[in-house]
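Owing to the predicted nature of the structure, the values given are computational and were not obtained by experimental measurement. To find a chain, count down the sequence lines: A is the first, B the second, and so on, and within it residues start at 1.
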There are 2 protein chains.
Amino acid sequence: MQKQVEIGSVRAEFIEKIGVSAQNEGLPRIAGRVLGTLIFDGKPASFSDLAESLLVSRGSISNSVRLLEERLLIKRVAKAGDRQDYFQLADNPYTSMLDGVVNRIARVKLEIDESLAQIPDDAGGPRARLAQYAGFYGAMVTGLEDALNNLRQDKS
Amino acid sequence: MQKQVEIGSVRAEFIEKIGVSAQNEGLPRIAGRVLGTLIFDGKPASFSDLAESLLVSRGSISNSVRLLEERLLIKRVAKAGDRQDYFQLADNPYTSMLDGVVNRIARVKLEIDESLAQIPDDAGGPRARLAQYAGFYGAMVTGLEDALNNLRQDKS
DNA sequence: AAGTTTGTTCAATTAAAACTGAACAAACTG
DNA sequence: CAGTTTGTTCAGTTTTAATTGAACAAACTT
């Protein structure tokens with residue numbers, strides 16, 4: 001009562017899903033599709049494989065892999081006898097991913113803290129409200145840092 | 001050695017910051033600025049106050065407050081003797097905000113789980129990798145749910 | 001060295017999202 | 001009731017982001 005589905009279509013759907021969800025993380029859709037491909041296939045994919053299988057320009061692949069490398073989600077590897085670049089998931093991609101999420105939120109918190117620090121002493125109302133707002137971001141950071149520690153233990 | 005800053009400029013900067021950070025949360029910038037205004041000022045603002053002080057059209061305000069109301073971040077209140085709508089922060093805005101974040105992530109996890117369930121039995125590699133990826137989303141959800149519970153205790 | 005292949009860059013294009021403002025309906029006012 | 005104010009809607013515009021593809025440099029191949 002499952003299983004009449006062939007793997008190719010599951011793969012295609014998965015890749016598209018990751019493409020969409022990447023947009024939530026501030027990555028272009030194509031970068032998400034590259035990541036989805038590498039997760040699903042689990043083996044190095046060449047630069048032109050990616051361009052062809054995703055039906056996008058080489059420029060887009062170049063841009064996407066740059067973004068994914070910067071975030072330490074994928075790494076570039078060499079393949080003997082082929083001078084193309086190959087790409088595969090980085091070593092602890094999910095740790096890096098979560099790290100990125102935490103940093104993004106922490107940065108917002110810092111900005112709020114900055115505003116907070118600039119509020120004149122006599123403006124108690126705004127100060128209290130911004131402090132509460134900053135506290136909210138702090139709670140998110142703490143929760144995600146806990147998740148990050150858990151993740152680090154099983155080396156994801 | 002702080003404090004040579006006047007409150008108006010701190011306010012303006014804060015509002016713009018929230019406007020920018022709103023884009024991370026899938027809200028349009030103007031909605032973020034509305035939220036920032038309500039957080040900073042801490043008192044009900046009228047519909048046209050918002051349009052004028054943010055220098056945007058009434059259509060934009062209408063759209064923004066709708067989005068913010070849907071997410072339970074702000075509420076519409078009446079003011080005696082004025083037939084305009086007024087808006088102020090909802091009761092536990094940060095709890096709602098975090099709830100929204102958790103749900104968004106949980107929804108992605110569900111999509112991955114769906115793909116996972118459709119993978120044929122013989123495809124052990126993809127299954128394991130998708131499971132790990134789903135686990136990563138699960139860890140985020142758990143971490144944020146903890147944060148949510150903490151937040152609920154001090155009623156933010 | 002001449003010719004390929006490869007990946008990057010960036011100007012131009014396309015696509016997506018945000019925003020405006022005029023038209024409208026509903027609720028009010030005198 | 002005629003006129004006003006108020007908030008919503010949505011078609012059109014503007015703005016922003018993503019994507020393409022041609023030009024290029026670097027590394028390889030014969």
* Asked: Taking for each residue the nucleotide of DNA chain D with the nearest heavy atom, is it R83(A) or S48(B) whose nucleotide lies nearer the 5' end?
  ->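 First, find each residue's nearest nucleotide; the 5'-ward one identifies S48(B).
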* In Å and rounded to the nearest 0.5 Å, what is the CD1 to CZ distance from I61(A) to R33(A)? ->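 Answer for the CD1-CZ pair, I61(A) versus R33(A), is 8.5 Å.
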* Asked: About how many Å separate CG of L89(A) and OH of Y94(A), when rounded to the nearest 0.5 Å?
  ->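 With rounding to 0.5 Å, OH (Y94(A)) is 5.5 Å from CG (L89(A)).
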Identify the pairs formed between an N or O of the protein and an N or O of nucleotides 18-22 of chain C at a distance under 3.5 Å, and give each distance.
residue : atom : partner : partner atom : Å
dT20(C) : OP2  : S57(B)  : N            : 3.1
dT20(C) : OP2  : S57(B)  : OG           : 3.3
dT20(C) : OP2  : S60(B)  : OG           : 2.6

* To do: Return yes if a side-chain donor-acceptor contact under 3.5 Å exists between S21(A) and E111(B), otherwise no.
  =>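 No, no side-chain donor-acceptor contact under 3.5 Å.
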* Under 3.5 Å, is there a donor-acceptor pair linking the side chains of S46(B) and K79(B)? ->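 Note: S46(B) and K79(B) side chains miss the donor-acceptor criterion.
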Between [X] and [Y], does any side-chain N to carboxylate O distance fall below 4.0 Å?
X       : Y       : answer
R127(B) : D121(B) : yes
D99(B)  : R71(B)  : no
R11(B)  : D41(B)  : yes

* **Atom-to-atom span, CG of D85(B) to P of dC28(C) - whole angstrom** =>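 The distance from CG of D85(B) to P of dC28(C) comes to 11 Å, rounded to the nearest Å.
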* **Listed partners of Y137(A) passing ring pair (Phe, Tyr, Trp, His ring centres under 6.0 Å), at least two apart** =>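 Applying ring pair (Phe, Tyr, Trp, His ring centres under 6.0 Å) to Y137(A) gives Y133(A).
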* Asked: First and last nucleotide of DNA chain D in contact with chain B, 5' to 3', at under 4.0 Å to a heavy atom: what are they?
  ->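 The contact span of chain B on DNA chain D goes from dT4(D) to dT9(D).
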